[in-house]
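Atom set for the values below is all heavy atoms of this structure, side chains included, hydrogens, waters and symmetry mates excluded.
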Amino acid sequence: MAWSVLSRRNHSQLNHVCDTIPPMKKIHVVFHDGGGGHRNAAVALKTVIGEQQRDWQVELIQFQDLTDRLDILRKLTGIRIQQQYNILLQNGWTLGSTYLLRILQTTIRLFHRPLANLLERFWREHPADLLVSVIPHFNRQICESWTKVCPGRPFVTIITDLADFPPRFWIEPIKEQYVIAGTEKAAEQARAMGHDKAHIFLTSGMILRPDFYVEDNSDPVALRREMGLREDLPTAIVLFGGHGSKVMYDITEKLDAAGLPLQLILICGRNEELAAKLHARQWKMPIHVVGFTKEVHRLMRAADFLIGKPGPGSIAEAMVRKLPVLIECNAWTLPQERYNAEWVKEKGVGIVLNSFQEVVTGVQKMLEPAALAEFRKNVSLQDNRAVFEIPEILARLLGESQSAAGRSTPSPVEAKAP
């Protein structure tokens, strides 16, 4: 009898304790593999939330896996939309990409209802407290389906470009959409789309993996020595995303023929054919060829500047690692990346060429001591901490007080509504 009473008492106390422990919040993050930036953003967010030991369960959702049955291009060609996008980037087949983009957006509108229905079923089966999108094009379908199934629960779009490319790209004229923008330009575009201050958050830059912020006191000269490079030569890191680009071979060829005092670290990503081609040739200048790697942040430590496409991720990574950039912008540049070239010129953090046919002239200018010093000074003014600011924004949207989150109030730049 005594044991029974004690057991009931303990059980009652246990129930009381469980009632006082708040349930773990669940967050969905939707990404896809069109380019590498979207997956990187999703993984970066999940990683930093884990490192901050927040009481959140973060689930990454591959959008293409979720919507494969509606992938019309895959039915016609056997290749996913995201794979076709990466093939275009890898081969430089981007002329006319604005036209192709609008065709894609028209197709998405035509399949709006089937796609929204598919998403609604998924949200019903996989509910969460908050939904984050790090992809463009589909935010209307994602937002409408989410708010229908989970009314009142926040839907957030983290823009992983320096600016939107309206209409129907990142920002939608839907009042329920929260927008996290990494530049004043993107925040202005959200306001122009009709979003109020409560639905717009401005961070100090693009979201990047936390490892780019790890303090690195390694000796650049020693790193060059490890790679078989000369210790005394200016060094450029050549980076064209996770899938590389054949233009990297042309750039290397031109710089090699010019006989400049320079050496290159060439990041080929998953483009094994390009890496093999670079390895197969004898070059006069020192080069170091790298395939797919998660050590870009470390390799940047050995470089003086970056040569690459005007992608938001590459530019943001270079800024955090304090490297000026040499990029191009022309009719072949993806339309959503053209503003990035304006940003580079406006901030004075690098050189924008009309074409990499002029890469020798661009590198010569970059190597001028006065010019390089000015670029480095301007780069040092950039202080992007977005990956650490965004969890504070999400905590606010989840209704967590600062004391509940266990952190001090963020400074205005960390989580501010313009």
Checklist entry - Using the benzene-type ring in the case of Trp, are the ring centres of Y213 and F388 under 6.0 Å apart? => result yes
Checklist entry - For the ring pair F138 and F111, is the centre-to-centre distance below 6.0 Å? => result no
Next on the checklist: Under 6.0 Å from the ring centre and within 45 degrees of the ring axis: does the NZ or CZ of R281 meet both conditions for the six-membered ring of W283?
Outcome noted: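 Checked: cation-pi criterion met.
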Checklist entry - Could R270 and F292 be counted as a cation-pi pair, given that NZ or CZ must be under 6.0 Å from the ring centre and within 45° of the axis? => result yes
Checklist entry - Closest heavy-atom contact between S355 and E328? => result CA-OE1, 3.2 Å
Nearest 0.5 Å, what's the [atom1]-[atom2] distance between [X] and [Y]?
X: S133; Y: Y178; atom1: OG; atom2: OH; result: 16.0 Å
X: L299; Y: K294; atom1: CG; atom2: NZ; result: 14.5 Å
X: N340; Y: K345; atom1: CG; atom2: NZ; result: 12.0 Å

Checklist entry - Who passes side chain to side chain contact (heavy atoms under 4.5 Å, CB included) against A128, sequence neighbours left out? => result K26, H28, W146
Item to check | By salt bridge (Lys or Arg N to Asp or Glu O under 4.0 Å) - contacts of D219 (at least two apart) | outcome: none
Item to check | E342/K347 ion pair, N-O < 4.0 Å | outcome: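 K347 and E342: not salt-bridged.
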Next on the checklist: If you count heavy atoms of other groups shown closer than 6.0 angstrom to NZ of K254, is the number above 12?
Outcome noted: yes
Next on the checklist: Under 3.5 Å, is there a donor on one side chain and an acceptor on the other for S218 and R298?
Outcome noted: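 Note: S218 and R298 side chains miss the donor-acceptor criterion.
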Checklist entry - Looking only at side chains, do T157 and Q177 share a donor and an acceptor under 3.5 Å apart? => result yes
Considering only distance and modelled atom types, tabulate donor-acceptor pairs under 3.5 Å from the side chains of residues 312-325, sequence neighbours left out.
unit_1	atom_1	unit_2	atom_2	d
R321	NE	H297	O	3.2
R321	NH1	F212	O	2.9
R321	NH2	D216	OD2	3.4
R321	NH2	H297	O	3.2
K322	NZ	Q382	O	2.9

Checklist entry - With under 30° as parallel and over 60° as perpendicular, where do the rings of F165 and F169 fit, or are they tilted in between? => result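 Perpendicular, since the angle between the ring planes exceeds 60°.
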